[in-house]
Amino acid sequence: MNQNTPEYSQLGKPSAYVDQYDASLLYPLPREPKRREIGITGSVPFLGADLWTAFELSWLNPKGKPQVALAHITVPCESTHIVESKSFKLYLNSFNNTAFASADAVRDRIRADVSAAIWHGGPVQASAGVRVLLPELFDCEPVHELDGLCIDRLDVECTRYQPAPELLTAVFDEKPVEETLVSDLLKSNCLVTGQPDWGSVQIRYSGPQIDQAGLLQYIVSFRNHNEFHEQCVERIYMDIMARCKPAKLLVYARYTRRGGLDINPWRASHPQLPPANVRTARQ
């Protein structure tokens, strides 16, 4: 029996905090079951990545002096697995009383371990990206809200709190448009614990104009939905593609941190530069 499922993870369970390096703490979860739910089989029909920020990273230098840093981790969406977030936190805590020769050594260790986890026993086809930022660079980390037209201004009635793709409509008999829409009203819940996950979402597209009121109601409809961040973004992407048929589409969500980690997935229909990994005020 495959026990790499959410119910076998550390989510919602008491956990011993190990402070000596232990890569086995990383708990991979396969992407395939949730992708199958939204009609994805075989290769994925999008590009993208999951952008993680670790705000609680510390280790010892060779003299035993604690070091602190931030880390940006990029997990390619093509990987067969994600890493369950609590296990990632426990893994990073295992660095706390472990000596490393340098920040570069820490970076290389995280990259190797996460890359192995997200392919879970298979060949590593695309490594995780890791940047470790030392305190002298902290002041260069900006705070900026997602660019675009905020649809939260709309005075809409919201009655659906489970994903309702039928709320999505577009105008197919008029000239196509190109626009970027944002909302801060994205909320879903942890698949296992039911704890709230708060987020902001940016939708950049070209094609038939999407009805903004319906889009906002659709985003709100995730409010009582239990699913991991990465899965919610892929569901939004697939629903918009199916219902609104844009020529090009990018969906990018930034979720507030929990346990010193935030997860910010993006999915796009066409090759492009990744969106800026810049935290919002709520993160």
Side-chain angles (χ1 to χ4, degrees), residues 26 29 31 34-35 44 46-57 69-79 81-89 91-92 110-111 114-115 117-118 126-133 137-138 140-148 150 152 180-191 195-205 219 222 225 227-238 240 249-269 271-283:
L26 291 171
L29 291 170
R31 294 188 190 266
K34 278 294 181 178
R35 286 180 169 171
V44 292
F46 42 64
L47 306 170
D50 309 321
L51 309 179
W52 293 64
T53 311
F55 293 92
E56 300 175 6
L57 176 60
L70 303 178
H72 291 300
I73 299 103
T74 301
V75 175
C77 73
E78 298 85 3
S79 66
H81 290 66
I82 62 175
V83 175
E84 185 274 303
S85 60
K86 184 174 180 180
S87 80
F88 204 172
K89 176 185 178 182
Y91 163 74
L92 291 177
I110 295 173
R111 179 187 294 127
V114 173
S115 296
I118 62 177
S127 295
V130 181
R131 287 197 307 127
V132 171
L133 283 73
L137 295 177
F138 287 178
C140 299
E141 288 288 280
V143 174
H144 184 73
E145 299 308 297
L146 292 171
D147 294 323
C150 183
D152 298 345
T180 302
L181 306 174
V182 299
S183 173
D184 295 318
L185 301 188
L186 178 61
K187 174 194 169 287
S188 53
N189 302 314
C190 174
L191 181 62
Q195 293 183 39
D197 293 322
W198 306 95
S200 299
V201 61
Q202 179 188 68
I203 295 160
R204 182 182 306 149
Y205 75 97
I219 291 169
F222 278 74
H225 180 59
E227 208 166 40
F228 293 138
H229 304 2
E230 302 93 332
Q231 298 160 353
C232 286
V233 168
E234 292 184 358
R235 186 177 295 273
I236 292 170
Y237 178 95
M238 295 296 288
I240 293 175
L249 175 65
L250 175 138
V251 177
Y252 177 32
R254 295 201 63 88
Y255 280 89
T256 58
R257 76 180 80 166
R258 184 189 295 165
L261 293 168
D262 66 33
I263 308 172
N264 311 286
W266 67 276
R267 302 292 184 265
S269 59
Q272 59 185 274
L273 292 175
N277 190 6
V278 176
R279 72 181 180 93
T280 66
R282 290 195 297 164
Q283 293 185 291

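Nothing fancy with the numbering, it's 1 onward along the sequence. Since the structure is predicted, the reported quantities are computational estimates derived from the model, not experimental observations.
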Within the structure provided, determine whether [X] and [Y] are in side-chain contact (heavy-atom separation under 4.5 Å).
X      : Y      : value
Leu92  : Leu261 : yes
Ile82  : Phe228 : yes
Val114 : Trp52  : no
Leu133 : His72  : yes
Ser269 : Phe46  : no

Salt-bridge contact [X]-[Y] (side-chain N to carboxylate O under 4.0 Å):
X      : Y      : result
Glu227 : Lys34  : yes
Asp197 : Arg258 : yes
Arg279 : Glu141 : no

Are Thr74 and Asn277 close enough, and set up right, to give a side chain to side chain contact (heavy atoms under 4.5 Å, CB included), and what steps lead you there?
CA-CA 10 Å; Thr74 301; Asn277 190 6; 5.7 Å; no
With under 30° as parallel and over 60° as perpendicular, where do the rings of Tyr255 and His229 fit, or are they tilted in between?
parallel
With sequence neighbours excluded, residues passing ring pair (Phe, Tyr, Trp, His ring centres under 6.0 Å) with Tyr91
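So Tyr91 forms a ring pair (Phe, Tyr, Trp, His ring centres under 6.0 Å) with Phe95.
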Only counting residues at least two apart or in another chain, list the ones meeting side chain to side chain donor-acceptor pair (under 3.5 Å) with Lys89.
none
Testing Leu146, Leu185, Val182, Leu186 for side chain to side chain contact (heavy atoms under 4.5 Å, CB included) with Val201, which one passes?
Leu186
